[in-house]
Visitor: 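What follows is a single structure, and I will ask about it in a moment.
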Amino acid sequence: MNIFIDKYNLSRFYEYVLDESINRIYIITDKIVNKLYIEYLKSYIDNNIETYVYVLPPGEENKTIENVLLIYDDLIQNNIDRQTLIVSFGGGVVGDIAGFVASTYKRGIKYIQIPTTFLSQVDSSIGGKTGFDYKGFKNIIGTFYFPERIFIDVSFLKSLSKREIICGLGEVFKYGLIADYSLFQFIKNNFKNIYDKNLDILMHIVNSSVNIKHNIVSKDKYDKGLRNILNFGHTIGHSIESYYNFSKYNHGEAVILGMMYEFYIALELSLIDKEYFAEVYNTLSFILPPISFTRKEIEDLIHIMKNDKKNIDNNIAFVLPIDKGKVDVFYHINENLIIKALEGDWF
Ligand SMILES: NC(=O)c1ccc[n+]([C@@H]2O[C@H](COP(=O)([O-])OP(=O)(O)OC[C@H]3O[C@@H](n4cnc5c(N)ncnc54)[C@H](O)[C@@H]3O)[C@@H](O)[C@H]2O)c1
């Protein structure tokens with residue numbers, strides 16, 4: 001596994017650059033990360049290495065083709081060749097754009113990821129998916145292109161807001177619920193430490209999460225089957241995110257909501273028992289209480305779910321829990337049950 005996890009330490013990155021005899025580095029970052037951490041990153045790059053820094057404006061609204069084109073212009077202007085190393089330095093937005101640029105510029109140039117948000121350390125930097133949003137469609141254009149290495153330094157998480165921590169929490173809870181019940185319990189028992197950004201606790205969570213995602217991705221690199229289980233919480237979660245135009249809930253929050261409604265569906269189908277349901281519901285609703293939707297809203301949400309690319313023959317794909325830390329994929333969930341879950345009379 002080419003993923004290195006540490007705290008207050010990027011020396012594995014330094015060694016990699018030396019070992020590969022890299023003499024030019026092109027860093028893609030965003031304004032916030034640049035301000036906070038570019039000097040720290042540069043302290044791991046020898047002075048004799050020619051270093052360029054491209055700074056994107058931060059945020060999802062900048063994950064656009066226009067920014068991709070501006071980076072191509074800058075690469076050409078600086079005569080960046082295929083021996084140069086592209087370094088993606090930031091959250092998931094930077095990672096997705098930098099990965100796309102690396103996969104397309106001169107038909108592919110090697111790149112590494114140094115993720116700086118909780119979400120990007122446990123999720124977006126692993127799995128080789130790159131891309132950008134276009135005409136209101138999220139991640140509609142992209143490639144599979146795997147970084148040579150991923151260097152994770154959990155000390156970057158110290159400067160994240162609580163909301164950004166919650167965003168990553170949605171995904172790490174998901175890993176626990178699909179593959180490792182003890183991880184779920186560990187997170188549940190460490191809320192305070194997580195919000196206080198205790199780096200040893202965060203490092204344990206990042207480590208376990210990275211192992212789970214890496215394990216699933218390495219068996220299904222190009223998303224043909226097994227990777228589907230990573231979409232737990234995402235069928236309903238994504239519809240909520242999209243219904244509110246990606247502005248009311250961030251991705252991790254929407255996944256937390258999605259997991260709760262999907263747990264309820266599993267309970268109604270007797271796939272899980274009441275105790276397991278209650279344990280998970282109580283934990284997730286403590287971070288983010290669920291909401292009741294009106295009939296009209298539910299119709300719109302179901303319409304969005306019906307357009308999900310994971311569906312088969314117009315049947316909405318649901319990943320549902322079947323036991324502690326285990327899920328399966330289902331395609332024939334009765335629409336009335338989805339409506340009942342979203343109406344929320346059960347909270
Ligand atoms: N490629 C994939 O497999 C994959 C998987 C999941 C999500 N994603 C994508 O990831 C994106 C979301 O990623 P994200 O949550 O990292 O968002 P982000 O990249 O927008 O980062 C969130 C905010 O945190 C700031 N930031 C970054 N590091 C920081 C730090 N250490 N301290 C303080 N602030 C910091 C950023 O400047 C930004 O304002 C979405 O575009 C989503 O589509 C991709």
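Ligands are counted one by one from 1 in listed order, and the atoms in each one are counted from 1 as well.
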Visitor: Which protein N or O atoms sit under 3.5 Å from any N or O of ligand 1? Give each pair with its distance.
Guide:
from, atom 1, to, atom 2, distance (Å)
ligand 1, 1 (N), D96, OD1, 2.9
ligand 1, 1 (N), K129, O, 2.9
ligand 1, 13 (O), G92, N, 3.2
ligand 1, 16 (O), G92, N, 2.7
ligand 1, 16 (O), T117, OG1, 2.6
ligand 1, 19 (O), G92, N, 3.1
ligand 1, 19 (O), V93, N, 3.0
ligand 1, 28 (N), T116, OG1, 2.8
ligand 1, 31 (N), T116, O, 3.0
ligand 1, 31 (N), F156, O, 2.9
ligand 1, 32 (N), S159, OG, 2.7
ligand 1, 37 (O), D30, OD1, 3.2
ligand 1, 37 (O), D30, OD2, 2.6
ligand 1, 41 (O), E60, OE1, 2.5
ligand 1, 41 (O), E60, OE2, 3.3
ligand 1, 41 (O), K63, NZ, 2.8
ligand 1, 43 (O), K63, NZ, 3.0
ligand 1, 43 (O), K138, NZ, 3.3
ligand 1, 43 (O), N139, ND2, 3.3

Visitor: Side-chain heavy atoms under 4.5 angstrom apart, residues restricted to Ile, Leu, Val, Met, Phe, Trp, Tyr: same cluster for I291 and M305?
Guide: yes

Visitor: If you look at every heavy atom in L85 and Y111, which pair is closest and at what distance?
Guide: CD1-CA, 4.0 Å

Visitor: Is E171 paired with K213 through a side-chain N to carboxylate O contact shorter than 4.0 Å?
Guide: no

Visitor: I'd like to know if D96 and K63 make a salt bridge, using a cut-off of under 4.0 Å between side-chain N and carboxylate O.
Guide: yes

Visitor: Using the six-membered ring wherever Trp is involved, compare the ring planes of F151 and F4 and label them parallel, tilted or perpendicular (cut-offs 30° and 60°).
Guide: parallel

Visitor: Between D74 and Y26, does any side-chain donor sit less than 3.5 Å from a side-chain acceptor?
Guide: yes

